[in-house]
Amino acid sequence: MTDFQKRVYEAVRCIPRGFAVSYGEVARFIGCRSARAVGAALRRNPTPETVPCYRVVAADGALTGFFGSSAAASLARKRRLLKNDGVAFDASGRVRKEFLWQWTR
DNA sequence: CACCTGACATAAT
DNA sequence: AATTATGCCAGGT
């Protein structure tokens, strides 16, 4: 477990139920300019019970991957978890903007 | 050390 | 709205 990964997981644990944040937002919060690096850290989530990685989505609300895969079935699972949290989606399957959250600056 | 690959983001076509 | 080009950077090889 690298130091970078710890920072990512710690940040993601703070995302409140019923909201989603973008990879870029997580990156910015932990002081990194690469959203891709965040995705790489979440690619293999070691503790799904304590790190709700399904609450992390693309900047436009799209679901780009889950459980190490971007397959439709994985994304559907991710969508179900978010829905279960009360998050709503638009017609094109993206998280509605009013459910996108971010750390207060 | 030098590539290479992405669960990304943004600007320019 | 959709596609392309660039920048990004941690991890693995």
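Every chain is numbered from 1 and lettered A, B, ... according to where its sequence line falls, protein lines coming before strand lines. Reckoned from all heavy atoms, side chains included, excluding hydrogens, waters and symmetry mates.
The residue A:F4 sits close only to the backbone: its heavy atoms come under 4.0 Å of sugar-phosphate atoms, none of a base. Looking at heavy-atom distances under 4.0 Å, A:A59 makes contact with sugar-phosphate atoms alone, never a base. At a threshold of 4.0 angstrom between heavy atoms, the contacts of A:S74 with the nucleic acid are absent.
The interatomic distance linking A:E25 (CD) with B:dT10 (P) rounds to 11 Å, in whole Å. Atom NZ in A:K6 sits about 15 Å away from atom C1' in C:dA10, given to the nearest Å. With rounding to whole Å, A:D60 atom CG is found 11 Å from C:dA1 atom P. Look at CZ on A:R94: it is 12 Å from C1' on C:dA2, rounded to the nearest Å. A:R28 places its CZ atom 18 Å from the C1' atom of C:dC9, with the value rounded to the nearest Å. At whole-Å resolution of the value, CD in A:Q102 and P in B:dC8 are 19 Å apart. As rounded to whole Å, 18 Å separates atom C1' of B:dC8 from atom CZ of A:F66. If you measure from atom CD1 of A:I15 to atom C1' of B:dA7, you get 13 Å, rounded to the nearest angstrom.
Classification of A:E25 and A:R28 as a salt-bridged pair holds, one side-chain N sitting under 4.0 Å from a carboxylate O.
A side-chain donor-acceptor contact under 3.5 Å links A:R55 to the backbone of A:I15.
Nucleotides of DNA chain C nearest to A:C32 and A:R43 differ in position, and the one nearer the 5' end is that of A:C32.
Side-chain atoms of A:R33 lie closest to C:dC8 of the nucleotides C:dA10, B:dA7, C:dC8. Comparing C:dG11, B:dA9, C:dC8 by their closest approach to the side chain of A:S34 singles out C:dC8.
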**Prompt:** For A:F19 and A:L100, what are the C-alpha separation, side-chain angles and deciding distance, and is it a side-chain contact (heavy atoms from CB on, under 4.5 Å)?
**Reply:** CA-CA 6 Å; A:F19 290 93; A:L100 294 177; over 6 Å; no

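A donor-acceptor contact closer than 3.5 angstrom is absent between the side chains of A:Y9 and A:N45.
To the nearest 0.5 Å, the span separating CZ on A:R43 from CZ on A:F67 amounts to 13.0 Å.
For A:R36 against C:dG7, a side-chain N or O and a base N or O form a donor-acceptor pair under 3.5 Å.
Phosphate contact (OP1/OP2 of B:dA7, side-chain N/O of A:S70, threshold under 4.0 Å): absent.
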